Amino acid sequence: MNYLDELNEEQRKAVEQTEGPVMVLAGAGSGKTRVLTYRIAHLINKGVPPFNILSLTFTNKAAREMKDRIGKIVGESTAKSIWMGTFHSVFARILRSEAEKIGYPSNFTIYDTDDSKRLVKQIIKDLNLDDKVYKPNLVRNRISSAKNNLLSPQAYKDNPTLAKEDAQAKKPEIGRIYEIYDKRLFKAGAMDFDDLLFKTNILLRDFPDVLFKYQEKFRYILVDEYQDTNFSQYIIVKALASRFENICVVGDDAQSIYSFRGANIQNILNFKKDYPDTETFKLEQNYRSTQNIVEAANSLIDKNQEQFKKNVWTSNDTGTKIKLTQALSDNEEGLNVAHEIYALHSTHNAAYSNFAILYRTNAQSRAMEDAMRKLNIPYKIYGGLSFYQRKEIKDLMAYFRLVINPQDEDALKRVINYPKRGIGKTTIDRLTLYGNENDIGLWELINSLPAHSVNIPGSARNKIAQFAELIKSFQNVAEKKNAYDTGTIIAKSTGILKEHHNDKSAEGVARYENIQELLNSMKEFVEDDEAENEKDLPSFVQDIPLLTDQDQDSEEDQNKVTLMTIHASKGLEFPNVFIVGMEEELFPSQMSTQSRSDLEEERRLFYVALTRSEERCYLSFARSRYKWGNLIHCEPSRFLQEIDPDFVDASGVTPNQPSKDPFATKGDWGSSMGGGSDRSASTQRRSVTPPRQKMMRVPKTDTSNFKGDDTANLREGMEVEHGRFGRGTVVSIEVAGNRKAVVDFEEHGKKQLLLKFAKLKILN
DNA sequence: GGTGTGTAGGTTTTT
DNA sequence: CCTACACACC
């Protein structure tokens with residue numbers, strides 16, 4: 001084994017110091033993953049059994065890649081038994097095996113953010129609270145941060161500070177909502193994301209034998225991206241490590257970008273206090289980027305007060321300067337980027353996979369996508385709605401959830417009348433109310449309906465009974481058949497598959513294909529002989545909420561430009577990086593400009609973005625962009641001035657607003673000459689394996705540009721065109737009250753339209 | 001109970 | 001701009 005030869009001195013020390021607490025402060029691009037990988041391999045070579053190693057990563061993908069690399073050194077089967085994954089997935093696994101200790105079924109359902117929001121909303125409604133005051137999102141965030149700080153509902157209600165805050169915000173009932181939310185989750189046999197950590201803490205706190213077991217098991221613990229751990233995660237790690245203190249945390253305070261999710265940068269800043277014997281290793285040599293990029297990034301992050309002082313340097317080439325450009329609009333910005341990519345692709349023969357476009361918010365992807373399509377540049381996009389969050393997928397998945405865990409009321413409500421089977425809102429409301437008042441779960445209630453005096457007519461009772469029978473029949477199927485067969489039977493016999501198949505609109509076709517894609521992935525799951533897990537439906541469904549888009553890699557889609565948020569780009573690298581939307585209110589986000597610490601986090605985010613680039617980095621801003629359909633004016637981001645101008649080529653930017661323009665005071669930017677030497681693209685190093693996005697982008701009928709004519713002269717028999725319904729003939733016009741017209745559309749049949757709103761174009 | 005249509009309101013960032 | 005819901009009508 002000569003892997004130690006592939007490390008520099010500091011890296012090697014961090015690998016060889018296997019015992020006791022170790023903190024590795026790893027600057028961007030300094031070979032952090034390499035250290036983690038080799039450290040684990042080294043442990044195993046020294047004789048540590050792989051099942052005694054726990055390695056916590058930030059994404060499942062990172063875990064998979066690391067496992068692969070370790071497998072190449074110590075052998076695949078050995079690498080397989082290392083416990084490696086995200087906090088959420090690792091502890092979900094542990095919770096499932098210990099579930100009954102804390103009163104949960106081992107097949108508990110994991111609620112994603114969307115499910116949890118629905119539940120909060122439902123509770124607010126049940127309590128007759130005004131959802132304009134108690135905004136579900138806001139309430140959920142508050143509950144979430146309570147959980148991440150290990151505050152139970154009782155602790156929340158007893159906390160004077162929180163009570164005061166809520167009272168001042170005129171939302172005194174949040175504690176009560178939290179309490180009910182918690183009870184309902186428990187009754188539904190469900191945990192939200194935060195619970196996976198919270199309940200793990202409960203488990204380790206209340207069951208010393210369990211704690212002892214896992215302490216003994218995980219004798220060596222490694223935590224990647226430690227700067228992004230929250231309090232709840234911090235306590236778990238602390239508890240598990242307290243026995244042997246063989247804990248190695250790796251991170252970079254300069255890249256802490258998840259405080260909105262409860263991450264606490266203090267965890268890494270205080271590590272030495274927690275473990276006084278800590279050996280600290282600083283990795284400061286950057287192997288990823290050119291000198292220009294490294295120094296530009298250093299000059300930026302220097303503006304932050306709160307940080308460990310590091311001296312990140314590189315022996316790489318000087319490289320080209322960071323290129324700054326401006327555009328008149330977001331669309332033009334997109335086209336500028338697309339043209340540049342096209343040029344580099346055709347003149348330097350650079351593969352499309354060598355490019356990434358990074359932005360602050362998902363909403364910015366549209367202008368970029370449009371531009372890519374216009375120039376026929378292949379691209380793939382991350383984020384936004386993930387596959388498993390799409391409505392058609394969630395609907396079918398809700399059947400799966402219900403079959404596995406009939407206590408899951410969110411799932412039940414989601415499908416009891418989907419597809420339509422005549423169990424309407426009134427009926428469901430009555431059931432829910434009765435259930436809440438008599439403390440009976442919905443599933444139990446609909447199965448014992450004759451015994452209850454709920455005000456529900458006989459016809460509806462029959463339909464409910466049929467529904468219950470349907471679910472029970474699925475439960476029978478699920479017990480005997482594998483996930484794929486069960487899934488197919490459910491999709492077919494509920495009529496879901498047919499419903500989407502019958503919808504021939506572009507959206508309908510995409511939905512049908514998505515359902516097929518889900519079934520395909522179930523088939524793959526069942527036929528995968530490598531994986532040792534069970535092949536039944538529960539095994540398939542279990543951890544799906546923990547998957548993200550990035551977890552779906554594939555060989556196809558290799559040569560494409562990557563579009564993603566900066567957050568999603570963490571840990572990745574690309575030869576050419578475009579950071580777009582460098583504007584005030586957007587980046588830094590308007591939410592962050594109030595406090596210094598928030599602004600510093602935005603700056604770290606920008607630092608992360610810059611340090612993704614290996615060779616070339618482009619910054620751009622637009623003078624105007626569309627926000628909610630309105631054109632708004634934009635000012636260049638303050639961050640642009642914070643980079644040392646020596647490393648920036650701003651020749652493409654004209655300082656045209658002398659008084660307000662921040663460049664006016666920085667004459668050196670507008671006048672600096674065009675970029676440095678242009679290195680050949682053939683020197684480009686590693687490229688990142690592009691992940692794939694499985695779902696189709698739903699082509700939407702674009703009605704935004706559709707202009708209606710004045711309908712004052714509309715008469716019967718006229719040919720008209722409607723933005724959504726297409727062409728049709730006016731059948732009749734009603735003048736009384738609001739003017740209405742009945743139009744017989746060629747493809748959509750007769751519709752009654754209010755002329756005040758309907759945009760109709762008169763064709764003859 | 002189902003359907004369509006209008007209106008309000010929402011955007012950081014994600015496991 | 002898009003989506004989710006409330007309301008009016010069938």
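Within every chain, numbering begins at 1; the chains are lettered A, B, ... in the order of the sequence lines, protein sequences first and strands thereafter. This is a predicted model, so every value here is computed, not measured.
- Among the protein residues, A:Asp112 comes within range of no part of the nucleic acid, since none of its heavy atoms lies under 4.0 Å from any strand.
- Phosphate proximity of B:dT15 to A:Asn230: absent, as no side-chain N or O sits under 4.0 Å from OP1 or OP2.
- Checking B:dT14, B:dT11, C:dA4 against the side-chain heavy atoms of A:Lys121 singles out C:dA4 as nearest.
- Here the CD1-OH distance, from A:Ile566 to A:Tyr359, works out to 10.5 Å after rounding to the nearest 0.5 Å.
- A salt bridge between A:Asp112 and A:Lys394 is present, with a side-chain N of the basic residue lying under 4.0 Å from a carboxylate O of the acidic one.
- Counting atom types as modelled, A:Ser89 pairs no side-chain N or O with a base atom of B:dT15 as donor and acceptor under 3.5 Å.
- Classification of the A:Phe587-A:Phe606 ring pair by plane angle, with boundaries at 30° and 60°, yields perpendicular.
- Checked against C:dC5, B:dT12, B:dG1, the side chain of A:Thr427 finds its nearest nucleotide in B:dG1.
- Take the nearest nucleotide of DNA chain B for A:Arg140 and for A:Trp628: the residue whose nucleotide is more 5' is A:Trp628.
- Atom CD1 of A:Ile257 and atom C1' of B:dT15 are 13 Å apart (whole Å).
- Within 4.0 Å (heavy atoms only), A:Lys135 reaches sugar-phosphate atoms of the nucleic acid but no base atom.
- Remark: C1' of B:dT12 and CG of A:Leu138 are 15 Å apart, rounded to the nearest angstrom.
- Scored by the side chain to side chain contact (heavy atoms under 4.5 Å, CB included) test, A:Arg261 finds A:Phe58, A:Tyr258 as partners (sequence neighbours excluded).
- Listed nucleotides C:dC2, B:dG10, B:dT12 differ in distance to A:Arg360; the shortest reach to its side chain belongs to B:dT12.
- Summarising the geometry, the separation between CG on A:Asp370 and P on C:dC1 is reported as 13 Å, rounded to the nearest angstrom.
- Comparing C:dC2, B:dG2, B:dG1 against the side chain of A:Thr426 picks out B:dG1 as the nearest.
- In this structure, the side chain to side chain contact (heavy atoms under 4.5 Å, CB included) partners of A:Gln590, at least two apart in sequence or on a different chain, are A:Glu585, A:Lys627.
- B:dT14 atom P lies 15 Å from atom CD of A:Glu225, rounded to whole Å.
- Nucleotides C:dA4 and B:dT13, compared at atom P, are 16 Å apart to the nearest Å.
- Nearest nucleotide to the A:Thr113 side chain, out of B:dT14, B:dG2, B:dT15: B:dT15.
- To the nearest angstrom, P of B:dT11 lies 16 Å from CG of A:Leu586.
- Between A:Arg390 atom CZ and C:dT3 atom P the separation is 10 Å, expressed in whole Å.
- Side-chain proximity of A:Lys132 to B:dT11, B:dG2, B:dG9: nearest is B:dG9.
- Residue ring and nucleobase are stacked for A:Phe260 and B:dT13, with a centre distance beneath 5.5 angstrom and an angle between planes beneath 30°.
- When heavy atoms are screened at a 4.0 angstrom cut-off, A:Tyr258 is found touching the sugar-phosphate backbone but no base atom.
- The distance between atom CG of A:Asn417 and atom C1' of B:dT3, rounded to the nearest whole Å, is 13 Å.
- Across B:dG2, B:dT13, B:dT15, the shortest atom-to-atom separation from the side chain of A:Thr86 is found for B:dT15.
- Ring planes of A:Tyr104 and A:Phe108: perpendicular class, angle over 60° (limits at 30 and 60°).
- Here the nucleotide nearest the side chain of A:His567, chosen from B:dT15, B:dT3, B:dT13, is B:dT13.
- Set against B:dT14, B:dT12, C:dC5, the side chain of A:Thr565 has B:dT14 as its closest nucleotide.
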